[in-house]
Chemist: 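Following this message is one structure expressed as structure tokens.
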Protein chains: 2
Amino acid sequence: MSKTPIWKSIALRLTSDIAEERYQTGDRLPTEAQLAATYGVNRHTVRRALADMSEQGLVHARRGAGVFVATRPTDYPIGKRVRYHKNISASGKIPGKKILALTTRAADAAEAEALGLSKGDTVHVYDGLSLADGQPIGLFQSVFPAERFPDLLQTLTDTQSVTKALQACGIADYVRVSTRVTARGATATQALHLQLPEGAPVLFSVGVNADPDGNPVEYGRTVFAGERVTLTLNEG
Amino acid sequence: MSKTPIWKSIALRLTSDIAEERYQTGDRLPTEAQLAATYGVNRHTVRRALADMSEQGLVHARRGAGVFVATRPTDYPIGKRVRYHKNISASGKIPGKKILALTTRAADAAEAEALGLSKGDTVHVYDGLSLADGQPIGLFQSVFPAERFPDLLQTLTDTQSVTKALQACGIADYVRVSTRVTARGATATQALHLQLPEGAPVLFSVGVNADPDGNPVEYGRTVFAGERVTLTLNEG
DNA sequence: GGCTAATATTTGTCTAGTTGTATAGTTCAT
DNA sequence: ATGAACTATACAACTAGACAAATATTAGCC
């Protein structure tokens, strides 16, 4: 899918550097060799990018001296994205949720280990979609030990809130004990729910919440739409 | 008779060559033309084999350079104290850094705000590549206030270590005050550095480190290769 | 200080090699 | 007939290395 040539993306990057005044008019750019090292490409590829910018009159090269900024691009799009910022420290406190499924089934190996159960123990599973301004931002699955919270599904149905449902089951507070995050490409079904093209970058987050005594109460997996969500990691 | 296609047998042969360490991670394979000659087939048939192996993540091709043997994922903990060297060592891999560029320039708007400066104030910028066992896992850019740390670039050049360089400038300890993470598709240049296909999912992380008094000392942006890194968010 | 000569940098150009992609044709089994 | 596997050829994009030409920097000398 490599559609844009490397030299072009380098030219774009340098152009934006100039547009955002990291290099000012008259400044000398790093040498071709330095740029090549910085971008990890051959000098010729850098030269191709500079040639393109030179044709647009953005820069001007002097043999033996260097490459200099001529003018600042006039119509450079300074795109600001609107993103939804979610704090990872308090999972399950997202406004706007849509229940996709509430089921009770046997735990798989990963779930059992995370919750301190044996494989095959029954768990409640809450599949849902997180929304912000009506837009889907995350697809999550929360898994709870069924034996400990027999009535959880009822309260979940009513409130849609994990926090309140757990409160109703006697868990006044809970904290996140572990979180793992990585980037992946969206599968077909994930893409569908999150209204993304298949393969679009998503944040895949796996975490465990525990009560104050350290007993795990929830094992959650969430797939966030990368282009709509920024996770804000708590600072202790 | 052989019902398996030629390309598949070639892929198998090359795969076992890698498994038996006749080619080691990071090594360059013979050129497609050479492989085609030795196996007595057309270059396209070899390419078919290599494409298959590439999909399995076994090898990675760089246009104009060659085909290289690829490698496996790493854990990267993020918490109050983010120290690259310790992080990678803890996961049993050999950490490494490659300086891509050390520059001093004017701060753009985002950098100025994060560091508590005015736009246009001078900053030191450290562009680099993080390696684990020699494989690129992250592309980072660290920005420091130049006025406060005039001699930072020198120490950075010597040690390559942010921690030590800051120590030399009188910052005995620093703490991460904010981290934001999102998922994106790799740009062409990022993909190049991280040896990924363009558009491959990457973790984009933005963070600020501050000294014990709460003054920001570093504004860092990192792009992690999604398939090679999982961020582990540890409390405390 | 000011000049020149030597040396190091930096851009410009050239040749060659390698992977990516597109098009067209051949062989062969079902 | 049709499609899959393979061959053949050509070109684009990028890498690699070398060398020349213009400029910048430095050292020595007056």
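Quick note: numbers below take in every heavy atom, side chains included, and nothing from hydrogens, waters or symmetry partners. Chain letters run A, B, ... following the sequence lines, proteins first, then strands; residues in each count from 1. Quick caveat, the model's predicted, so the values are computed rather than measured.
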Chemist: Once you round it to whole Å, what is the distance between C1' of D/dA24 and CZ of A/F68?
Modeler: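 That distance rounds to 10 Å.
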Chemist: Closest to the B/T31 side chain: D/dT15, C/dT23, C/dT19?
Modeler: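 Closest of the options to the side chain of B/T31: C/dT19.
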Chemist: Where the side chain of B/H44 is defined as all heavy atoms beyond and including C-beta, which of D/dT15, C/dT18, D/dT7 is the nearest nucleotide?
Modeler: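 Out of D/dT15, C/dT18, D/dT7, the nucleotide with an atom closest to B/H44's side chain is D/dT7.
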Chemist: Should A/W7 be listed as having a side-chain N or O under 4.0 Å from OP1 or OP2 of D/dC14?
Modeler: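 Answer is yes, contact under 4.0 Å.
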Chemist: Would you kindly give the CZ-to-P distance between A/R28 and C/dT9, to the nearest whole Å?
Modeler: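 From A/R28 CZ to C/dT9 P: 12 Å.
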Chemist: Can you measure A/L35 atom CG to D/dC14 atom P for me and round it to whole angstrom units?
Modeler: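 In whole Å, D/dC14 P and A/L35 CG are 16 Å from each other.
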Chemist: Nearest 0.5 Å, what's the CH2-CG distance between A/W7 and A/L50?
Modeler: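 The CH2 atom of A/W7 sits 11.5 Å away from the CG atom of A/L50.
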Chemist: B/L192 side chain: which of D/dA5, C/dT19, D/dT15 is closest?
Modeler: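 Between D/dA5, C/dT19, D/dT15, the one nearest the side chain of B/L192 would be D/dT15.
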Chemist: Using the six-membered ring of B/Y126, assess whether NZ or CZ of B/K97 lies under 6.0 Å from its centre and within 45 degrees of the ring axis.
Modeler: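 No.
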Chemist: Just compare D/dC6, D/dC14, D/dA22 and give me whichever is closest to any side-chain atom of A/R63.
Modeler: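 So the nucleotide nearest the side chain must be D/dA22.
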Chemist: What are the two closest heavy atoms between B/G116 and B/P216, and how far apart are they?
Modeler: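 The pair with the smallest heavy-atom distance is N-CG, 4.4 Å.
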Chemist: Which is more 5' along DNA chain D, the nucleotide nearest A/R48 or the one nearest B/K8? Just name the residue.
Modeler: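 The answer here is B/K8.
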Chemist: Whole-Å distance between D/dT15 P and B/H60 NE2?
Modeler: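 The distance from NE2 of B/H60 to P of D/dT15 comes to 12 Å, rounded to the nearest Å.
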Chemist: Provide, to the nearest angstrom, the distance between the CZ atom belonging to B/R47 and the P atom belonging to D/dA5.
Modeler: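 Result: 17 Å.
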Chemist: What nucleotide among D/dC14, C/dG20, C/dT11 has an atom nearest to a side-chain atom of A/E32?
Modeler: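 Given the options D/dC14, C/dG20, C/dT11, the side chain of A/E32 is closest to C/dT11.
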Chemist: Are there over 12 heavy-atom neighbours, none belonging to B/E113, within less than 6.0 Å of that residue's CD?
Modeler: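 Counting other residues, nucleotides and ligands, CD of B/E113 stays at 12 neighbours or fewer.
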Chemist: So if I take every side-chain heavy atom of B/R43 and compare against C/dT18, D/dA10, D/dT15, which nucleotide ends up nearest?
Modeler: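 In terms of side-chain proximity for B/R43, the closest of C/dT18, D/dA10, D/dT15 is D/dA10.
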Chemist: Using the rule given for side-chain hydrogen bond (donor to acceptor under 3.5 Å, both in side chains), can you reason through B/R13 versus B/S16, listing the C-alpha separation, both sets of side-chain angles and the distance that settles it, and then say yes or no?
Modeler: CA-CA 5 Å; B/R13 173 68 188 278; B/S16 73; 5.2 Å; no
Chemist: Do B/R62 side-chain and C/dG20 base share a donor-acceptor contact under 3.5 Å?
Modeler: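 Between C/dG20 and B/R62, which were checked side chain against base, a qualifying N/O pair under 3.5 Å is absent.
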Chemist: When the distance from CD1 of B/I10 to C1' of D/dT7 is rounded to whole Å, what number comes out?
Modeler: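 Value for this atom pair: 13 Å.
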Chemist: Calculate the interatomic distance between A/I6 atom CD1 and D/dT15 atom C1'; express it in whole Å.
Modeler: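 Those two atoms, CD1 and C1', are 10 Å apart.
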Chemist: Would you mind reading off the distance between B/L50 atom CG and C/dT18 atom C1', rounded to a whole angstrom?
Modeler: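 In whole Å, C/dT18 C1' and B/L50 CG are 12 Å from each other.
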